[in-house]
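Nothing here was measured: the structure is a model prediction, and the numbers come from that model. Values below: all heavy atoms of this structure, side chains included; hydrogens, waters and symmetry mates excluded. Start at 1 and go down the list; that is how both ligands and their atoms are numbered.
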Amino acid sequence: MALVQIENVSKIYQTGDIEIAALSDINLSIEKSAFVSFVGPSGSGKTTMLNLIGCLDKPTQGKILVNGKQVDSFSRQKRAAFRGDVIGFIFQSFNLFPILTAYENIEYPLVMIKNEPADKRKEMILNVLDSVSMLDQKDKFPDQLSGGQKQRVAVARALVTQPKLVMADEPTANLDKKSSLNVIRLMRDMKDKFGTTFIFSTHDPRIMEEAEISYTLDDGKLT
Ligand code: ADP
Ligand code: MG
């Protein structure tokens, strides 16, 4: 069974009297351990697509299955619990806590979501820090790290809860070319190592080429 199954999904935003069709009649499926990108210009629906798959929002129409669960009918609360169990997130602007070290940033979801005991927690954090080659930087604060290093920490934070799926909305938008490629290749290595499915968006053709499967969005439609 596919990890993500999307059937006849549309998303319409309503602001006052104006309706905006952000996604129109999307059908696709994504297998386990896939490395998938959504590509398209600004406003084409990438963020909307990732928000729906990441269970941050609901479709206006259609069916979405993630990890065998029909998430489009979930309540807000159920979506939040499901995200904590199944999905990790990487953000364009890293979203690290400035007052926490790299180690503590990675520890945060384990404390908040998983409530793992301290010794188990330490083992998980050191393991994932090692995987992203940031073990020697673990006591640094985000301010003391480069953009590429911050995103490596963010990748580790997304992975530490051992999610089935990691969502990354334009994870390289704030990075230079070299760091962008490094972060995407790191994500791909993590997919190979842990079998995690990665879904990311980009408008950068060079980054898009690193994906195994690319979906192009144009004005809310798959092309
Ligand atoms: P992308 O990430 O590719 O730039 P988005 O998914 O953010 O595209 O946006 C798709 C379309 O939906 C755009 O026309 C955008 O203006 C609109 N849109 C996105 N979010 C909202 C919202 N919360 N309310 C109203 N319109 C929105
Ligand atoms: Mg976007």
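- Among Phe89, Tyr215, Phe35, the single residue meeting the ring pair (Phe, Tyr, Trp, His ring centres under 6.0 Å) criterion with Phe200 is Phe35.
- Linking ILVMFWY residues whenever their side-chain heavy atoms come closer than 4.5 Å, directly or via other members, leaves Leu3 and Leu159 in distinct clusters.
- A donor and an acceptor atom, one from each side chain of Thr48 and Asn51, are nowhere located under 3.5 Å apart.
- Within a 4.0 Å radius of atom 13 (C) of ligand 1, the protein contributes one or more non-hydrogen atoms.
- At a 4.0 Å cut-off, at least one heavy atom of Pro41 sits close enough to ligand 1 to count as contact.
- In terms of protein heavy atoms, atom 8 (O) of ligand 1 is closest to Gly45 N, 3.1 Å.
- Considering both main-chain and side-chain atoms, Lys46 comes within under 3.5 Å of ligand 1 through a nitrogen or oxygen pair.
- Backbone or side-chain N, O or S atoms of Thr47 reach the Mg ion (ligand 2) at under 2.8 Å.
- Nearest to atom 16 (O) of ligand 1 among the protein's heavy atoms is Ile20 CD1, 4.8 Å.
- With respect to atom 1 (P) of ligand 1, the closest heavy atom belonging to the protein is Gly43 N, 3.5 Å.
- For the residue pair Ser131/Lys193, the side-chain donor-acceptor check at 3.5 Å is satisfied.
- Each of Lys138, Arg121, Lys120, Lys114 was checked for a salt bridge (Lys or Arg N to Asp or Glu O under 4.0 Å) with Glu107, and the lone residue meeting it is Arg121.
- By the criterion of side-chain heavy atoms lying less than 4.5 angstrom apart, applied directly or through intervening Ile, Leu, Val, Met, Phe, Trp or Tyr residues, Tyr108 is grouped together with Ile113 in one hydrophobic cluster.
- Ile199 and Ile90 fall into different hydrophobic clusters, defined by Ile, Leu, Val, Met, Phe, Trp and Tyr side-chain heavy atoms under 4.5 Å apart, directly or through other members.
- Of the protein's non-hydrogen atoms, Tyr13 CB, 3.3 Å is the one closest to atom 25 (C) of ligand 1.
- Inclusion of Ala22 in the set of residues having an N or O under 3.5 Å from an N or O of ligand 1 is not warranted.
- Looking only at protein heavy atoms, the nearest one to atom 5 (P) of ligand 1 is Thr48 OG1, 3.7 Å.
- The shortest N or O to N or O distance between Ser44 and ligand 1 is below 3.5 Å.
- Looking at atom 7 (O) of ligand 1, its nearest protein heavy atom turns out to be Thr47 CB, 3.6 Å.
- From Leu165, atom CG reaches atom CZ of Arg83 across 12.5 Å, with rounding to the nearest 0.5 Å.
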